[in-house]
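Note on naming: letters A, B, ... go to the chains in the order of the sequence lines (proteins, then strands), and numbering restarts at 1 for each one. Side chains are part of it too, since the values below use all heavy atoms of this structure and drop only hydrogens, waters and symmetry mates. Note that this is a predicted model, so its numbers are computed, not measured.
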Amino acid sequence: MSSPKSCHKGAAGPEVRLQCGKWRPDPQCGKWRPDPIKKYVLRTEVGARTYRVDYDRELNEEQKAVVLAGGGPILVIAGAGSGKTRTLVYRVARLIESGTDPSRIMLLTFTNKAAREMLRRVEMLLSVDTRRLMGGTFHSVGSRLLRRFGSRIGLSPNFTILDEEDSREVFDAATSDLKIQTLEKRFPKGDVLSDLYSFTINTGRRFPEVLAERAPHFLPLEEEIVRVFQRYQERKRTGNACDYDDLLLSWKRLLSEVPEIAAQFAASYDHVLVDEYQDTNQLQGDIVDGMGKIRRNVAVVGDDAQAIYSFRGASFANILGFPERYPDAKVFRLTLNYRSTPEILALANSSISHNQKQFEKDLRASRGEGPLPAVVPLADVSEQARFIAQRLLEWHDEGDALADLAVLYRAHYQALELQIELTRRGIPYEIRSGTRFFEQRHVKDVLAFLKVVVNPKDELSWKRALKIFPRIGERSASTVWAAIAGSPDPLVAFRALGEPASLPRGADAALKPFRSLVTRLDSPSLRSSPAEAIRFVVESVYADYARAKFPNGGARLDDLEQLAQFAQQYESLPGFLEEVTLFNELSGEDVAAGEPSDDRVVLSSVHQAKSLEWSRVVVMWLSEGRFPSYRAATTEEGVEEERRLFYVAVTRAKNEVALTYPMLARDRYGVDVILEPSRFVSELPEDVSERWTVELEAEVPSEESKKPEPVN
DNA sequence: TGGTGAGCGGTTTTT
DNA sequence: CCGCTCACCA
Ligand SMILES: Nc1ncnc2c1ncn2[C@@H]1O[C@H](COP(=O)(O)OP(=O)(O)OP(=O)(O)O)[C@@H](O)[C@H]1O
């Protein structure tokens, strides 16, 4: 990521500020307060301010009111495409232009994609280096803070971040530590435990309550489950590891349990701004409140109609309750949609009005007319894929770049047939789903070697790395770990390990290369070059292993070379590892079909598409049972959340939308089933869409094409 | 330790 | 239907 160097130093701001006092504990009473430096502001004459950004021209009055509003709590609640993100970004720009140091601004959101888009926009506006801003996802900001301050709650700065799979394994290990009989009584597995645990943490609710609601059949096991949770936490503590939730939970603990840190945090950030606030959960809400406690410059924006993360404990109670928690909050609304044509907006508004629980919002179109959204039934899944592929090509011919087109769906598996079709036709695409690149087994194997060097107490990684060697499996790996675990630095202990006690014959010999490998990795030159470290691991042990172990060993080694190239931009192992677990993007096969190209159609889940926009969008699989998913369709809240998801999907489009659904599909047992159109389609009034019928071209050789014809 | 085969179970969505 | 887990064997 290259960021333009900031220029125009002199044009900085309208006011010259004298040094602002640092916050530190008062030696007398121990309370935190600013140094008694007198603050004096030298004002520029009225009208003489020059801003690089032309706020008057680029914002409407409603938006400008938010951008120019002074300090204090701010809530913006508004519909899709009304410029919430834009307003937030301009507010950040304005703050910086008015002299706030970027490092004193905290800018948060939930998904990586949205975070990146937000930071990119700030950068474009000001050519300021956004790395100075404390901005990103809640998790990445939490992680940055914990590296610096986590020692206050017993976390050393080199902690490992556990991904979902890791944390599931730690749960399984915890269960087996306690020697719980998992078979007789059907004890929940790691992933189930992890779900329950995570939901409890994120909602801040009491565990028995969560258990009763989400997995009542395990109620008799409550006591044991709680013991496993405790063991899980213990394991993380001794392994110096954090799961995703810990990045938030420990952040909150710093705020609530370590008063000096709490005060320092709250004082260090003049402004806290949150996008997509409707998708925060209790834990994140508490964090925002904690960070804003002293200065109360908390600006949040969101849209309750786009709340789509209740499955991980998000609740729009946060956004609706904001005015109560901040009685002095200024509440703003934005009512003009800048993104979509009136036709698209009419469909979206009409759909969302079916939700009982909704907060009425004005949302009018500002753009000129466009085509009616198309509703397109297709005979089956492969016809759906062919239709979409053809339509994408037509749109491309009409002048849209491929990158301005997106296909959205409810669940990742739904993209499969389309991928095949796009590949067949050589249409480049980018897919944001599937096993993510850094979660692939071979990638994690190699990373385990680096993790061990960074955090020698990382049991999981030790074992993972050890098991790469011949004759070493779970048993021997445990023996080795047991021999070094007690040492203050297991890395040192491992290198000094003479004849490891009671290793099976042959296993010991296998450790020799590992020992020299570790020694080499621990050298300054490799510690500062993740790319070289990766290549070194691959060349010295992993290449042989991969070729022997995997039928597609070659392809996996190519992945690892890609990994090394990606790592090239990092200059330290910890920095690299952190990004890799937190910024876990794209599947291994992300670029398909033909030449690598920048211009690619995007295939994405609706969840990941939030806050983004494209010229034209296809929403596929709009069949009852698929979108809404039949799981969600069992409760009224579930359906309403799915409908919000549909609303998000449709409102991603600026110019044109197609809604497609197959009438016949194979269910998961391989049986063909007839599918009804999604209720989200059938409940729409006639006049907001155009119904298409698709027929196969009559048997003419060559050119395949289907003529979509409007009916009625 | 690691490979094989029978049987089970199972589809959201993210960090 | 198919991928994955678990139990069993070399
Ligand atoms: N005043 C304006 N002038 C011109 N373009 C605008 C204005 N306000 C917003 N836009 C454009 O409208 C589009 C939608 O804005 P933005 O993404 O900020 O909306 P949003 O409310 O965050 O949307 P959503 O919640 O649906 O993600 C963007 O392309 C943005 O640049």
According to side-chain contact (heavy atoms from CB on, under 4.5 Å), who are the partners of Gln384(A), at least two apart in sequence or on a separate chain? Leu378(A), Ile388(A), Met620(A), Trp621(A), Thr660(A), Pro662(A)
Whole Å only: how far is the CE atom of Met620(A) from the P atom of dT13(B)? 14 Å
May I ask you to say whether Lys451(A) pairs ionically with Asp458(A), meaning some side-chain N is under 4.0 Å from a carboxylate O? no
DNA chain B: Phe469(A) or Arg666(A), which has the more 5' nearest nucleotide? Phe469(A)
Between atom CG in Asp191(A) and atom P in dC4(C), what is the gap in whole Å? 13 Å
Flag the pair Arg214(A) and Asp195(A) as a salt bridge only when some basic side-chain nitrogen lies within less than 4.0 angstrom of an acidic carboxylate oxygen. no
Rounded to whole Å, the CZ-C1' distance (Arg631(A) to dT13(B)) equals 12 Å
State whether Asp172(A) and Lys189(A) are salt-bridged, where the test is any N-O pair (Lys NZ or Arg NE/NH1/NH2 against Asp/Glu carboxylate O) under 4.0 Å. no
Considering only heavy atoms, which members of residues 139-150 of chain A lie under 4.0 Å from some atom of DNA chain B? His139(A)
What I want to find out is whether Glu117(A) reaches Lys113(A) closely enough, with some N-O distance under 4.0 Å, to be called a salt bridge. no
Between dT13(B) and dC4(C) - P atom distance, rounded Å: 15 Å
Can you find a side chain N or O atom of Gln608(A) that sits less than 4.0 Å from OP1 or OP2 on dT13(B)? no
In whole angstroms, the gap separating P of dT13(B) from CZ of Arg644(A) amounts to 18 Å
Can you tell me if the side-chain N/O atoms of Lys189(A) get under 4.0 Å from OP1 or OP2 in dC6(C)? yes
Length of the line joining Glu640(A):CD and dT13(B):P, which is rounded to integer Å: 22 Å
Could you tell me how far apart Asn281(A) (CG) and dT14(B) (P) are, to the nearest whole angstrom? 16 Å
Figure out the CZ/P separation between Arg168(A) and dC4(C), and round it to whole Å. 11 Å
Which part of the nucleic acid, if any, lies within contact of Tyr309(A), taking any heavy atom under 4.0 Å across all strands shown: a base, the sugar-phosphate backbone alone, or nothing? sugar-phosphate
Does Ser629(A) put a side-chain nitrogen or oxygen below 4.0 Å from OP1 or OP2 of dT13(B)? no
Taking the nucleotide of DNA chain B with the closest heavy atom to each, which residue, Ala632(A) or Thr111(A), is nearer the 5' end? Ala632(A)
OP1 or OP2 of dT13(B) versus the side-chain N and O atoms of Arg312(A): is any pair under 4.0 Å? no
Atom CG of Asp243(A) and atom P of dT14(B): how far apart are they, to the nearest Å? 18 Å
Take the angle between the ring planes of Tyr542(A) and Tyr545(A) and call it parallel below 30°, perpendicular above 60°, tilted in between. tilted
Can you tell whether the side chains of Arg144(A) and Glu578(A) come within less than 4.0 Å, N to carboxylate O? no
